[in-house]
Amino acid sequence: MAAAACLAITGLAAPAAAATAESALPSGNTTYRTLADYERDMETLAREHADLVKPLTLPYPTSSGRLVRGLEITRNVQANDGKPVFVTVGMHHGNEWPSGELVMEYAVDLVNAASAGDPYVSALLDRARLVVVPVVNVDGFVRNRRQTDTNVDMNRNYGFGWLPISTGGAAPWSEPEARNIEWLLSTRQATTFVTQHTCIQVVLYPPLQLAVGPTQDVARYEDLATRMAKRYGANYIPRDSAHDYETTGEAIDWAYFATRGLAFTAETCPDRGLPRTFQTQVTDTYPAHRLAMFEALENTADPAQHAVIEGKAPKDAVLRITKSFDMYTQPYPQPDGTTRPSGFPTTLTSDLDITQPNGKFHWSVNPSYRPVPPYQADGVHPNQTGFHTEPWILTCERPDGTVLQRTPVNVDLGQTVTVDLQQCTRNFHKKDLK
Ligand SMILES: [Zn+2]
C-alpha cells in the first residue's frame, strides 16, 4: 500500500509547477498572511469554488471575542455525504506562523489542482473531505504570542490526561480555543487529524506520557508517521510524543482516545544552520509538506483505516450516529482536599443526509471500538491493549428530527457493516406516527 501511494504522489508535480506566478507556493505569496489576509483568502476560495469549498466558523469566539474560521474541501462539498474526514489545523501556538501558512497553502493547492482537473487530487476529493483551520489560536496569532489572551497554552488545556500545570488553564477545557477543536472532531468522522507546529523536525503521535505505555494503535501510528516524516525530509523523526518530551493536555491524546482517528503533531523546521525566514520555513518547506499531507489524506480515504456503515434508507431521511462516554484527567489535588481525576462527558455525533433516489448510502466512520484509555475514574492504568465495545447508536430520522428507528452498530477497523433500516423505510411517509 505504501508503494502504491508513493507512485500516485510522485505523479503529481503538475499543479504546483503551474502555480508559480510569484513564488513556488500555490498562492504565489512571498510574505506571511495577516489575520485579514487569511479571512479574505478563505472567503475568496469559498466564493469562487462553491462546488469544492464551504466556509466553516467554529462555535466558540476566543476569549477576546474573535471568530475562528476554516474551510471544508471536497467534491460536491455542500452535500452531507458521509465521506471520511481529514482535519488539519495550524497555530495552536500563535507565534508559530509557518504552521498556519502550510495549512492554508495546502487548502489553496488542493482547490487549484481540483479545479484544474488534476486526476490524482480529484480522485482523492471524490473519496475524502478535508477540513482546514489555519489559525486556531487567533488571539495568540494577532499578538504573536504562544499562548491565548488568558495566558493559557491551548495545547495543554485539552481535558484528557490534563494536569493543572502553570500554562494548562484553570480547568480542563477552560479555553474556548480548545473547545472549538473538541467540537470540530466530535461532530464529524475525522479519521485523520494533523496539528501543525514549529520548530523541530518531528512527526509525533500519542501518548504524551511515558508512564502510560504505547497506544493500542501503535503499529498504525508508526507506519503513517514514518511515511509522513519521510516526505518531510531525511532529518525528520517519527516517534511518540512522550519520547520527544512529556507534556499533558495536548490535542492529539484527547483526539485519539475519544475518536480513534489517528492524530499527529507535525513540527516543521528548516535544517540546522539555515536562517528561519518565510522562504525557508514556508516556501521551501511547502513541497515536502504537501506530500506529507497527501499521505494523511490517502490514509483518510483508505477504507482499511476506518470503518463503513452502509445500507438503504428513505430518500430525504437523516441518519445520525452518536456515542457518549466519560473521559478523565490525571489525578490532581481537588478543592475538597482529595487527589483524584476529574471526569468530563464526551459525546461524538455526526449525521448523513440520504440524497440518492434509491436511498443507498455508504458512510465512512471511525470504528465503534474505542481504545480503553489509560486515564480512568480511579487513576492511571498504563499499557492498555483493549477496546471498549460500545456501539454507535444509529438513528434514522425524518428531516424534522422525528426518530423512526434506533439501532446499535458495532463496526471494527477496516470492517463494513450493513444496517437494516426497513422499520424507518416503512414509517417514513406515514402521517400519524406516534
Ligand atoms: Zn507549537
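Both ligands and their constituent atoms are indexed starting at 1 by order of listing. In this text, all values refer to a predicted model and were calculated from it rather than measured experimentally.
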Excluding waters, which protein N, O or S atoms are within less than 2.8 Å of the Zn ion (ligand 1)? H93 ND1, E96 OE1, E96 OE2, H197 ND1
Less than 4.5 Å apart, any side-chain heavy atom of K230 and any of Y236? no
So salt bridge (charged side-chain N to carboxylate O under 4.0 Å, His left out) across residues 245-257, not counting sequence neighbours, yields R156-E250
Side-chain donor-acceptor pairs under 3.5 Å in residues 54-63, sequence neighbours left out?
| unit_1 | atom_1 | unit_2 | atom_2 | d |
| --- | --- | --- | --- | --- |
| T62 | OG1 | S64 | N | 3.3 |
| T62 | OG1 | G65 | N | 3.3 |
| T62 | OG1 | R66 | N | 2.9 |
| T62 | OG1 | D139 | OD1 | 2.9 |
| T62 | OG1 | D139 | OD2 | 2.9 |

Does the structure place the NZ or CZ of R370 under 6.0 Å from the centre of the six-membered ring of F257, at an angle of no more than 45° from the ring's axis? no
Check: Y328 and F344 side chains under 4.5 Å, non-hydrogen atoms: no
Residue pairs, two or more places apart or on separate chains, that pass salt bridge (charged side-chain N to carboxylate O under 4.0 Å, His left out) and touch residues 175-192: E72-R188
